[in-house]
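Here is the structure we will look at, set down as structure tokens.
Letters A, B, ... are given to chains in the order of the sequence lines, protein chains preceding strands, and every chain is numbered from 1.
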Amino acid sequence: MLYRTAGQFKTSYKADQALFPIRQDAVLLIAILIVAYVIFPLIASEFAYQTLLIPVMIYALAAMGLNILTGYAGQLSLGTGAFMGVGAYACYKLITLFPWMNPIVAILFSGVFSAGIGVAFGIPSLRIKGFYLAIATLAAQFFLVWLFEKWAWLYNYNASGAIQVPNTEMFGVYLTGPLASSVTQYYLVLVIVTVMTMLCINLTRGNLGRTWKATRDMDIAAELIGINLMKSKLIAFAISSYVVGVAGALYVFMWKGAAEPNLFDIPLSFQVLFIAIIGGLGSILGNYLGAILIVGLPVVLNLLPAALGLSISSALVEHLNIMIVGSLIIFFLIVEPHGLAQLWRLIREKLIIWPFPH
Amino acid sequence: MRHFTKLAAAAVLGATLGTAAVAQELYAPNLAYRTGPFAATGIPLMNGQADYFAMLNARDGGVGGIMVNAEECETGYSTEKGVECYEKTKGRAIVTQPWSTGITLQVLPKTNVDEIPILAPGYGFSPMADGKVFQWAFNTPSGYWDAASMILQYLHDENGSLDGKKIAFLHLDHPYGKEPLPLLEKKAGELNFELLPIPVGLKEMQNQSAQWLQIRRERPDYVVMWGWGAMNAGAITEAVKTKFPMENFIGVWWAGHDADLKIVGADGAGYKSISWSFPNAEAPVMADIQKHVVDAGLSQSNPEEMSGVFYGRGIVISAILAEGITAAQQEFGTAEIDASQLRWGLENINMTEERIDELGLTGMVPPFSTSCANHTGHSGGWMLEWDGEQFVKVSDHMLPDTSDYQQLIADKAGEYAEANAPWPTNEECNAEG
């Protein structure tokens, strides 16, 4: 009914291969963008910015980076947290070494460092794959976190060993640091995430994306049809780490405001991996759905008892929260092992052929 | 559909009831951690804090005639949840109690903008003592450099001199564990002892065989421990296993938790921990808590926990906050104080011996006072020793030698302010000196 495709004719291959072959998809996306760019900033509170909107977008971006590597190119990685850390520390050093540097430039440039490190740790992927590669990237995780702790130059010899985000401004508006307002940070994150998402969608739909998918599905066959596996894998590592690094820089500079080395430890990698898996590997939309479920839902659940006027002790709420989110994860994976994005894809297909099921 | 209508009606009703209950109270949230890896230490601390305010509310109708809502927001010791809780509570909070070095570092710059005092008793960033720079942060009654100073002083007095001694510094390899290093390094030069820092990684907290092997090889005269959570229990059991003389093993105040020592029992006798609080079961406040809170069924605690160091410390923390509230109420002539008035109150706490007795906290906390320049108070403390069953005081009231690190505090605070420029400082206070 809502997704009626009648009357939408495609007369060329180009039209058939378009980003939105069905008009309703484009309308839906425009609606979401209007909500994100106009409606949320009008109604959101400080709390909503800091605990829901900004973190969900940043986590979605990090998961998108991982998804390019794991979902599209088929290279399993457990080092996402550390690569985010590289982005964050690179951005910190850039801003403190070159105070004149525009913070947005610094954030986008810091991804280059994590891309370099990602490629270095991606080299083993030429020889090993699957779980073995996961272990190799796990080494990156341990090594980099150790480095953040030991190399005092990285945190400017700060007594506490943590990095603190300085106040930076552009055109008289504070962008980072405690003086920056949440709305500014929200818009900045939103714009960066939108642009990155567009890039990722186009990359994965294009030549490179098909190369990655071929590498993922059967690397020997891919090599036989003339795909340069080394190039394909290393580019995947570079682009994925770049996106993850930018997400890491945003994570600290646009949201947390301070970070200690163990923030980038394995739990963060797992969290991003869960978002990617539960959202759906090999899907861009899935990253957002996964981030909403894993990052956004617990916050909402925590608010629920108070909103309903129930007085439950906060520790009990936390325990309930863990149980509910945990069982939801299991539920979704049983109902749809390919993630929330696949769930949405099925719903959408059903809507298109409704009311006549196959 | 009918269900949804019902649900919506319930939500609206709940919201209106919720707002109705808000009126006429002081909202002093606590970012508690009763879950997660450090819950074992969090639970007694939170119970102590909660029970003290529950007792004040039941006995006196709150502080200065207004009820105190010491609501908890659960963080599980995670920085992410901590920020969530801070944002959730900051709207009408008069104080924030972040309860972890990570969360403290994170909210420290934010509170300066939001103008809410941070109360971080005995933890957090040591340079917070400088009230001229950190206008909104308080780590009363004692900071980590106070602890390091007192431990060295105790060892010095015990030996007459530390010349040529070897002290191993077993610490968590984390901002918290590194806090006292600048002072220890400085004193090592002055007193001519050898300092041997031995870091314990977060991942190997429970397995310290490598560290204790090193300790056994190096044969230090003393081991000073800056441990937290599972690391303490690990170190204490390992020390017993390697037959390290327990009387030469001293921990900071977060490494003096009864439950950690109960694991080894009598074998742990002689282990020491410096502390700015002491659980005095005979103190009048304990009787009042028993009567108004425990007997009324409002407490989540149990008798064993209530006799412990951490429960007692929780009480003292709430008492310090209540003292700050009282001071502010008296100064501004209103019961319903706001965050900036509480800051004045926390800057003007005067816990004299008489006042401590009056509050019923006899022997539970040493006397101290704060000022706009001195946000710590440097109360000093006591050396506690595990006698096999419980912690007992083995020293008189000790005072740290603040002259050792006055300059260090000012330097580090200045560095922080510079790195976070523009960082407002309290110029009026500078003028007073």
Side-chain angles (χ1 to χ4, degrees), chain A residues 45-52 55 96 142 145-146 149-150 156-167 174 177-182 255-263 265-268 271 295 298-299 302-311 313-319 321-322, chain B residues 7 10-11 13-18 32-36 39 43 46 71-76 78-81 83-88 90-91 101-102 105-114 125-127 173-176 178-179 181-182 201-203 300 412 415-416 419-423:
Chain A
S45 65
E46 180 84 8
F47 176 73
Y49 282 127
Q50 289 296 329
T51 64
L52 287 170
T96 50
F142 291 139
V145 171
W146 173 83
E149 217 164 270
K150 287 292 162 204
N156 288 351
Y157 306 97
N158 196 336
S160 61
I163 55 174
Q164 295 273 350
V165 174
N167 291 304
Y174 282 106
L179 292 178
S181 75
S182 294
W255 182 40
K256 293 216 145 214
E260 34 188 28
N262 79 312
L263 183 68
D265 217 341
I266 248 178
L268 182 64
Q271 205 174 8
V295 180
V299 178
N302 261 335
L303 292 176
L304 217 56
L308 293 176
L310 303 171
S311 75
S313 87
S314 68
L316 184 62
V317 173
E318 186 62 26
H319 284 139
N321 203 341
I322 294 170
Chain B
L7 206 67
L13 192 69
T16 39
L17 283 178
Y33 58 107
R34 289 171 183 272
T35 62
I43 290 168
M46 303 311 146
E71 193 184 66
E72 287 178 3
C73 183
E74 179 65 31
T75 69
S78 118
T79 1
E80 225 158 290
K81 287 260 160 65
V83 174
E84 182 188 323
C85 280
Y86 172 72
E87 292 294 340
K88 192 156 104 184
K90 79 175 184 192
T101 308
L105 281 173
Q106 206 108 316
V107 299
L108 187 54
K110 293 187 199 222
T111 51
N112 218 29
V113 178
D114 298 330
F125 193 47
S126 303
D173 201 4
H174 203 56
Y176 152 71
K178 292 179 196 159
E179 279 279 335
L181 265 174
L202 273 174
K203 290 190 198 73
Q300 295 187 50
K412 295 285 176 196
E415 270 174 38
Y416 186 95
N420 286 281
W423 180 271

If I measure from the heavy atoms of chain A, does B:A32 come under 4.5 Å with its side chain, its backbone, both, or neither?
neither
Using atom types as modelled and distance alone, determine if a side-chain donor or acceptor of B:N420 lies under 3.5 Å from a backbone N or O of A:N167.
no
Would you say that B:E80 contacts A:K256 through its side chain, given a criterion of any heavy-atom pair below 4.5 Å between the two side chains?
yes
Among A:L179, A:N321, A:V299, the residue with the most heavy-atom pairs under 4.5 Å to chain B is A:V299
Toward chain B, the part of A:F142 with a non-hydrogen atom under 4.5 Å
side chain
Is chain B contacted by the side chain of A:Y49, its backbone, both, or neither, given a heavy-atom distance below 4.5 Å?
neither
Honestly, the part of B:Y416 sitting under 4.5 Å from a heavy atom of chain A is side chain
Segment of A:S314 engaging chain B (4.5 angstrom heavy-atom cut-off):
both
Taking the side chain as everything from C-beta on, heavy atoms only, tell me whether A:N302 gets closer than 4.5 Å to B:E84.
yes
Does any non-hydrogen side-chain atom of A:E260 lie less than 4.5 Å from one of B:Y176?
no
Count the heavy-atom pairs under 4.5 Å between each of B:K412, B:E74, B:K81 and chain A, then report the option with the highest count.
B:E74
Minimal heavy-atom distance between B:L105 and A:A162, with the atoms involved, is CD1-CB, 3.9 Å
Just give me the residue among A:V165, A:D265, A:V317, A:N156 that pairs up with chain B most often, heavy atom to heavy atom, under 4.5 Å.
A:D265
Quick check for you: to the nearest 0.5 Å, what is the distance between A:S45 atom OG and B:E87 atom CD?
9.0 Å
Within the 4.5 Å heavy-atom criterion, are A:L303 and B:K88 side-chain neighbours or not?
yes
Which answer fits A:W255, side chain, backbone, both or neither, if we ask what part of it has an atom under 4.5 Å from a heavy atom of chain B?
both
So what's closer than 4.5 Å to chain A heavy atoms on B:P422: side chain, backbone, both or neither?
both
Using side-chain heavy atoms (C-beta onward) and a distance below 4.5 Å, is B:R34 in contact with A:H319?
no
Within the 4.5 Å heavy-atom criterion, are A:Q50 and B:K110 side-chain neighbours or not?
yes
So for A:L263, is it side chain, backbone, both, or neither that comes closer than 4.5 Å to the heavy atoms of chain B?
side chain
Restricting to non-hydrogen atoms, name the atom on B:A419 and the atom on A:P166 that form the minimum distance, rounded to 0.1 Å.
O-CB, 3.5 Å
Interface moiety of B:D114 toward chain A, non-hydrogen atoms closer than 4.5 Å
neither
